[in-house]
Number of protein chains: 2
Amino acid sequence: MSERLFALADPVRLAVVGALAGGERCVCVLQEQVAVAPNLLSYHLRVLREAGLVCTTRRGRWVDYRLDPDGFATLWRALSGAGVPMPGEAVRSDRACASCDEGSAGR
Amino acid sequence: MSERLFALADPVRLAVVGALAGGERCVCVLQEQVAVAPNLLSYHLRVLREAGLVCTTRRGRWVDYRLDPDGFATLWRALSGAGVPMPGEAVRSDRACASCDEGSAGR
DNA sequence: TCGTGACTTCAACGAAAGTTGAACCAAGCA
DNA sequence: TGCTTGGTTCAACTTTCGTTGAAGTCACGA
């Protein structure tokens with residue numbers, strides 16, 4: 001889960017995901033939308049690929065990238081399971097502190 | 001947005017968020033739930049604080065931490081706005097590649 | 001006011017990540 | 001077979017992050 005989040009936590013890779021949100025794209029098009037060196041783009045694509053957030057198809061000379069819906073679904077499910085407040089979820093605000101409550105200005 | 005994602009993309013900090021999902025907690029309790037050195041915990045809490053994901057209240061000697069609902073709401077909104085497929089959102093799979101479509105095995 | 005407890009900050013170190021340039025594959029075409 | 005194009009991998013470097021130990025701050029109580 002941390003690996004997937006880490007893959008998203010980068011401006012370049014986030015831009016790639018944003019570009020792929022419009023549909024499948026080959027690397028040459030991604031390169032226009034995300035202005036980075038080809039090899040650097042390839043590096044970031046590999047990070048996203050290894051995190052399971054994108055997948056690829058070779059089409060002759062070209063390689064198409066697209067978002068992996070399962071990767072994102074798994075990420076959100078894991079985050080929610082870990083207690084991270086997802087969209088629409090409330091946040092608990094009550095305090096539980098057994099050791100330091102006694103003898104101090106408790107609520 | 002990347003800063004907030006980066007703050008979440010760490011096992012220790014994710015564990016802290018998970019612990020805080022149960023409600024407000026002072027550092028001494030967090031230290032029991034997330035077994036790391038006090039100063040290291042303080043470092044990770046600062047990262048979360050500067051990312052706007054948690055906020056604090058001093059209560060005498062103790063400092064209480066709690067999740068910041070606004071921080072998470074902002075994060076999810078920004079992610080959705082950037083095109084990241086959020087829970088329940090579909091993923092487009094059509095391809096748009098003007099330059100490399102001609103003269104190749106197009107779909 | 002002195003000591004103690006809870007927590008934070010500082011300086012330093014090792015380990016990763018991001019970036020760059022060059023070399024390298026893989027597919028198509030002459 | 002050799003050239004070109006699209007894309008990836010490799011090696012080296014710089015920067016940043018995570019961790020550690022020591023010092024510092026803040027609040028309370030004797």
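Every chain is numbered from 1, with letters handed out A, B, ... down the list of sequences.
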Just how far, in rounded Å, is [atom2] of [N] from [atom1] of [X]?
X: B:Leu41; N: D:dT19; atom1: CG; atom2: P; value: 11 Å
X: A:Arg46; N: D:dG7; atom1: CZ; atom2: C1'; value: 13 Å
X: B:Leu45; N: C:dT8; atom1: CG; atom2: P; value: 6 Å
X: A:Trp62; N: D:dT5; atom1: CH2; atom2: P; value: 12 Å
X: A:Leu48; N: D:dT8; atom1: CG; atom2: C1'; value: 15 Å
X: B:Arg59; N: C:dA6; atom1: CZ; atom2: C1'; value: 11 Å
X: B:Arg25; N: C:dC7; atom1: CZ; atom2: C1'; value: 18 Å
X: A:Leu30; N: D:dG7; atom1: CG; atom2: P; value: 9 Å

Between C:dT8 and B:Tyr65, is there an OP1 or OP2 to side-chain N/O distance shorter than 4.0 Å?
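Yes, within the criterion.
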Restricting to pairs with a member in residues 1-15 of chain B, which pass side chain to side chain donor-acceptor pair (under 3.5 Å), not counting sequence neighbours?
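Checked against side chain to side chain donor-acceptor pair (under 3.5 Å) - neighbours excluded - the pairs reaching residues 1-15 of chain B are B:Arg13-B:His44.
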Of all residues at least two apart in sequence or in a different chain, which pass the side chain to side chain contact (heavy atoms under 4.5 Å, CB included) check with B:Ala19?
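Testing B:Ala19 for side chain to side chain contact (heavy atoms under 4.5 Å, CB included), a comparison that skips the adjacent residues, returns B:Leu30, B:Gln33.
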Could you list the residues that satisfy side chain to side chain contact (heavy atoms under 4.5 Å, CB included) with A:Arg61, not counting sequence neighbours?
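Not a single residue meets the side chain to side chain contact (heavy atoms under 4.5 Å, CB included) criterion with A:Arg61.
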Selected nucleotide, minimal atom distance to B:Cys28 side chain, candidates D:dG29, D:dT8, C:dC7
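Closest nucleotide to the B:Cys28 side chain: C:dC7.
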Among D:dT8, D:dT4, D:dC28, which nucleotide has an atom closest to any side-chain atom of B:Arg61?
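That would be D:dC28.
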Each nucleotide in nucleotides 12-24 of chain C should get exactly one letter: B, S or -. Can you fill that in based on protein heavy atoms under 4.0 Å?
-----SBBBBB--
Examine distances only and state if a side-chain atom of B:Trp76 and a backbone atom of A:Pro85 form a donor-acceptor pair shorter than 3.5 Å.
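Such a contact is found between B:Trp76 side chain and A:Pro85 backbone.
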If we ignore hydrogens and angles and just use 3.5 Å, is the side chain of A:Thr74 paired with the main-chain N or O of A:Asp70 as donor and acceptor?
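Yes, A:Thr74 side chain to A:Asp70 backbone: donor-acceptor pair under 3.5 Å.
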With the 4.5 Å side-chain cut-off for hydrophobic clustering, are A:Phe6 and A:Leu67 part of the same group?
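Different clusters: A:Phe6 never reaches A:Leu67 through Ile, Leu, Val, Met, Phe, Trp or Tyr contacts under 4.5 Å.
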Quick one: closest heavy-atom pair of A:Leu8 and A:Leu14, and the distance?
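So the minimum-distance heavy-atom pair works out to O-CD1, 3.6 Å.
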Search all heavy atoms of A:Cys55 against all heavy atoms of A:Asp68 and return the closest pair with its distance.
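Heavy atoms only, the tightest pair is SG-CB, 4.1 Å.
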So what is the end-to-end bend of the helix from C:dT1-D:dA30 to C:dA30-D:dT1, with 5 pairs used at each end and the value given to 10 degrees?
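Taking five pairs per end, the axes differ by 10°.
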Listed by chain and number, what are the salt bridge (charged side-chain N to carboxylate O under 4.0 Å, His left out) partners of A:Arg92, not counting sequence neighbours?
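If we apply the salt bridge (charged side-chain N to carboxylate O under 4.0 Å, His left out) test to A:Arg92, skipping adjacent residues, the hits are A:Asp94.
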